[in-house]
Amino acid sequence: MSSGMGKVVCVTGGLGYIAFWLVKLLLHRGYTVRATVRDTADPKKTLHLQALDGAKDRLHLFKASLLEEGSFDAAIAGSDCVFHTASPFYHNVKDPKAELLDPAVNGTLNVLRSCKKASIKRVIITSSMAAVAYNGKPRTPDVVVDETWFSSAEVCEKNEQWYVLSKTLAEEAAWKFANDNGFEIVTINPAMVIGPLLQPTLNTSAEAILKFINGSSSTYPNFSFGWINVKDVALAHILAYEVPSANGRYCMVERVAHHSEIVKIIHEMYPNFPVPEKCADDAPFVPIYQVSKDKIRSLGMELIPLETSLKETIESLREKGFVTSESSHL
């Protein structure tokens, strides 16, 4: 693949789970990649990124911070396209505004202002299904969620869903900025992203799977989530740039599954893992729903099945030493 030969692209938040895969695939396609990180001087953090195939000649690291005005200018100036993936994702938030909302919203606007200065034609933004599906409408097996759905800030605030709110407000701000300033953005809206880990640290979504297999949890939460493979998410970002007709938003969900189904699939593949056997509450299971794949298929993509994604996640957790052996507890 050499579709990116001679082209320079910028990836913000280069050490993130999705960004790592995005950088890997971009290098594989021949692009020269400028990746922003918060600290270029910490070799422990950047070593794995610099070890990717092609990185020696075509990967350049730039220091930038979401809340530092203008800090993305240098990385973005002279780029053909910008992939904005940087945004915090974690639970147990003490100060939602400082930890999630400000970095997500102001960070996005900071990056977009740098894009405007550099006259970037198309910006691909990593949004989330969090910005799509949380609006108080019923989500049941016969409901199909698609790109016309937008989450409601009011609903998120009322339910104290701070991460969901951060992605909702950040995407709203991005569309408004793009419309006001006359340039093109495309958003990629993945659900829970799993699959192989390239980075040495544990990310939030892989940690959710780890808790199911390491004996640390005797129950599974009563939740239904959409699931998607990280390799598909990274590829969708690239196609959103390479395919001229790409536009608007792209929901990325291979399938919506309740945690009970996730546990069942894992148990069938790895019978010795101490997976939780009962739900955390006695309430009826939160229903699953459907997510339209029509738009993502228009980019020529077929999504990796959930079973494969779970297997890849678990094998990767093993390889990285997060799981010691099948039947042991960590």
Side-chain angles (χ1 to χ4, degrees), residues 1-38 40 45-64 66 71-87 107-108 111-112 114-127 174 178 183-190 193 195-199 228-247 250 252 296 298-301 303-304:
M1 293 293 294
S2 57
S3 47
M5 283 299 182
K7 291 202 178 102
V8 179
V9 294
C10 174
V11 177
T12 69
L15 294 174
Y17 182 40
I18 294 169
F20 226 116
W21 270 99
L22 179 53
V23 170
K24 181 184 166 82
L25 296 188
L26 285 164
L27 289 170
H28 180 66
R29 284 165 114 87
Y31 286 93
T32 294
V33 181
R34 298 166 167 192
T36 72
V37 294
R38 274 181 301 199
T40 48
K45 289 207 167 111
T46 59
L47 201 63
H48 295 264
L49 205 51
Q50 288 169 317
L52 290 170
D53 282 352
K56 200 158 113 26
D57 305 315
R58 289 180 286 109
L59 176 64
H60 308 284
L61 299 182
F62 287 76
K63 184 176 174 161
L66 284 172
S71 67
F72 290 89
D73 286 2
I76 287 173
S79 297
D80 294 294
C81 176
V82 173
F83 299 93
H84 175 45
T85 77
S87 192
T108 296
V111 169
L112 289 176
S114 295
C115 292
K116 187 188 173 187
K117 281 183 214 166
S119 306
I120 303 294
K121 298 281 183 286
R122 185 180 282 193
V123 182
I124 315 301
I125 295 179
T126 313
S127 185
F183 72 89
E184 195 178 9
I185 64 169
V186 179
T187 68
I188 305 297
N189 297 68
V193 183
L197 289 75
L198 288 176
Q199 81 288 0
I228 185 73
N229 194 295
V230 64
K231 292 182 283 188
D232 281 341
V233 178
L235 179 59
H237 281 74
I238 297 172
L239 294 175
Y241 168 52
E242 290 182 350
V243 176
S245 60
N247 66 84
Y250 289 87
M252 294 208 71
I296 199 67
S298 73
L299 293 179
M301 287 189 70
L303 302 176
I304 296 165

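Reckoned from all heavy atoms, side chains included, excluding hydrogens, waters and symmetry mates.
Evaluation of the side chain to side chain donor-acceptor pair (under 3.5 Å) test over residues 54-64, restricted to residues two or more places apart or in two chains, returns none.
Separation of atoms OG1 (T32) and CE (M5) is listed at 9.0 Å; rounding is to 0.5 Å. If you take CD1 on I228 and CG on N189, they are separated by 11.5 Å, rounding to the nearest 0.5 Å.
Residues passing the side chain to side chain contact (heavy atoms under 4.5 Å, CB included) test with A236, sequence neighbours excluded: I188, M252, I296, M301. By the side chain to side chain donor-acceptor pair (under 3.5 Å) test, D73 is found to be paired with S114, K117, residues two or more places apart in sequence or in another chain being considered. Annotation: side chain to side chain contact (heavy atoms under 4.5 Å, CB included) contacts of A174 (sequence neighbours excluded): T108, L112, I125, I185. For K116, the side chain to side chain contact (heavy atoms under 4.5 Å, CB included) partners two or more places apart in sequence, or in a different chain, are F177, N181, F183. By the side chain to side chain donor-acceptor pair (under 3.5 Å) test, Y31 pairs with E242, sequence neighbours left out. Residues meeting the salt bridge (Lys or Arg N to Asp or Glu O under 4.0 Å) test with K231, sequence neighbours left out: E312. Evaluation of the salt bridge (Lys or Arg N to Asp or Glu O under 4.0 Å) rule for K45 yields D42 as partners, not counting sequence neighbours.
Contact record, V186 with A246: CG2-O, 4.2 Å, taken as the closest heavy-atom pair. In terms of heavy-atom proximity, D80 sits nearest to I120 at O-CG2, 4.3 Å. In terms of heavy-atom proximity, L27 sits nearest to G54 at CD2-O, 3.9 Å.
At a threshold of 4.5 Å between non-hydrogen side-chain atoms, the residues V111 and I76 count as touching. Side-chain contact between F62 and T40 is absent, with no heavy atoms from C-beta onward closer than 4.5 Å. The closest side-chain heavy-atom distance from K24 to L198 is below 4.5 Å. With contacts defined as side-chain heavy-atom distances shorter than 4.5 Å, the pair Y250/T187 does not qualify. Proximity of F20 to L52: side-chain heavy atoms (C-beta onward) are separated by under 4.5 Å at one or more points. Within the 4.5 Å cutoff, side-chain heavy atoms of L49 are placed close to those of L61.
Listed for the N229 side chain is no donor-acceptor partner under 3.5 Å among the backbone atoms of L303. Checked by atom type and distance alone, the side chain of R122 never pairs as donor or acceptor with a backbone atom of V82 at under 3.5 Å. Using a distance-only test at 3.5 Å, with no hydrogens or angles considered, a donor-acceptor pair links the side chain of R34 to the main chain of A75.
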Please set out all donor-acceptor pairs under 3.5 angstrom arising from side-chain atoms of residues 8-17, sequence neighbours excluded.
{"unit_1": "T12", "atom_1": "OG1", "unit_2": "H84", "atom_2": "ND1", "d": "2.7"}
{"unit_1": "T12", "atom_1": "OG1", "unit_2": "T85", "atom_2": "N", "d": "3.0"}
{"unit_1": "T12", "atom_1": "OG1", "unit_2": "A86", "atom_2": "N", "d": "3.2"}
{"unit_1": "Y17", "atom_1": "OH", "unit_2": "G195", "atom_2": "N", "d": "3.1"}
{"unit_1": "Y17", "atom_1": "OH", "unit_2": "G195", "atom_2": "O", "d": "2.7"}
{"unit_1": "Y17", "atom_1": "OH", "unit_2": "P196", "atom_2": "O", "d": "3.4"}

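With V123 as the partner, the side chain to side chain contact (heavy atoms under 4.5 Å, CB included) test is satisfied by one option alone out of S79, C81, C115: C115.
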### Query
What's the verdict on side chain to side chain contact (heavy atoms under 4.5 Å, CB included) for F72 and L66, showing C-alpha distance, side-chain angles and the deciding distance?
CA-CA 8 Å; F72 290 89; L66 284 172; 4.1 Å; yes
### Message
Apply side chain to side chain contact (heavy atoms under 4.5 Å, CB included) to residues Y241 and F83 and explain how you reach the verdict.
### Response
CA-CA 9 Å; Y241 168 52; F83 299 93; 4.0 Å; yes
